[in-house]
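Note that these values count all heavy atoms, side chains included, but never hydrogens, waters or copies made by symmetry. Here the structure is a predicted model, which is why all the values come from computation and not from measurement. Just so you know, ligand 1 is whichever comes first in the structure, and atom 1 is the first atom listed for that ligand.
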Amino acid sequence: MIKVLTIAGSDSSGGAGMQADLKTFAAMRVYGLSVVTAVTAQNTVEVTGFHAIPAEFVGRQIDTVLKDIEVNAVKTGMLSNTAIIKTVCEHLQSYSIKNIIVDPVMVATSGDLLMNERIDRILWAFRNVLLPICRVVTPNIPEAEILTGREIRCIDDVKAAAIELQSLGVPNVVIKGGHLEEEEAIDVLFDGNDFFEYRDTRIDTRNTHGTGCTFAAALTAGLAKGLTIHEAVGVAKQFVRKALELGFPIGRGKGPTNHFAELYRLADAAAAKEK
Ligand code: PXL
């Protein structure tokens, strides 16, 4: 059995954060473990507040699961302060994990901040502590702008930011292009040697809550299964496309995506055949 661990925040509306991760893992047939770093109070419109879990207790959760269960990959999501970032790094390093995927979450889909410390300090920890130990980092455009201090308007800007992030010691950089003003949705992978562009038509939907988490979780599951980084990005992009196509129009804001879209489609097709 392939096992993956998410170290992330809880989203009370169920569409993003660790809920998105666990649903994605289940849909991709990998077993998901979850260490919670923060509890958010949020719906499809806004984040009304969050409580960070004390760093020491985040570390305890990591040790408790990892001393019992060996995992094939670890994904990090919401890490709202430097104490948590440092603790996560220290604890992961003592378990020599090959696949660490960092989704540098900073802002929720609603636009609300998911950090409770000065951003320059958090940036320092991301750039100097967490990125050097991971295999892949998956910022969206606003996160890549914050991490590099560069304005990103076009694909050339994306590539320059990817080179800069890679120079911090992370072998693979995937910049999620959903926020770019391009006709297509273009994700860019830089593997240290070459750039790979993953292009797809855009899906017209407002149910995008949790898209970033879902992409990174699907990428994590793919790498845990032994796919190459190039294959895993392709699989993650397809997974998000299907989840967006059948997203749930619930709540008054941006509804969640449907992590089980493909499984529901297959089950419906099988049921129709039996009739
Ligand atoms: O999508 C980023 C994200 C990560 N983690 C938590 C979130 C969100 C977005 O809403 O709620 C807990």
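In this structure, Met18 has no heavy atom closer than 4.0 Å to ligand 1. Val47 does not count as a contact of ligand 1, since none of its heavy atoms falls under 4.0 Å from the ligand.
Ion pairing between a basic and an acidic side chain is recognised when a charged N comes within 4.0 Å of a carboxylate O; Glu90 and Lys86 show no such pairing. Note on Lys237 versus Asp200: no salt bridge recorded, every NZ/NE/NH1/NH2 to OD/OE distance being 4.0 Å or above.
For the residue pair Thr257/His209, the side-chain donor-acceptor check at 3.5 Å is not satisfied.
For ligand 1, the atoms lying closer than 4.0 Å to a non-hydrogen atom of His209 are 10 (O). Taking every non-hydrogen atom of Gly9 and a distance limit under 4.0 Å, the qualifying atoms of ligand 1 come out as 12 (C).
When only non-hydrogen protein atoms are considered, atom 5 (N) of ligand 1 lies nearest to Gly17 CA, 3.5 Å. Among protein heavy atoms, atom 2 (C) of ligand 1 sits closest to Cys213 SG, 3.5 Å.
The shortest N or O to N or O distance between Gln42 and ligand 1 is below 3.5 Å.
Aromatic ring orientation, Phe190 versus Phe195: parallel (interplanar angle below 30°, classes split at 30° and 60°).
Both the backbone and the side chain of Ala108 come within 4.0 Å of ligand 1, counting heavy atoms alone.
Of the options Leu114, Val105, Leu79, the smallest heavy-atom separation from atom 8 (C) of ligand 1 is shown by Leu114.
Screening residues 154-177 for side-chain hydrogen bond (donor to acceptor under 3.5 Å, both in side chains), with sequence neighbours left out, gives Asp103-Lys176, Arg127-Glu164, Arg150-Glu164, Lys159-Glu197.
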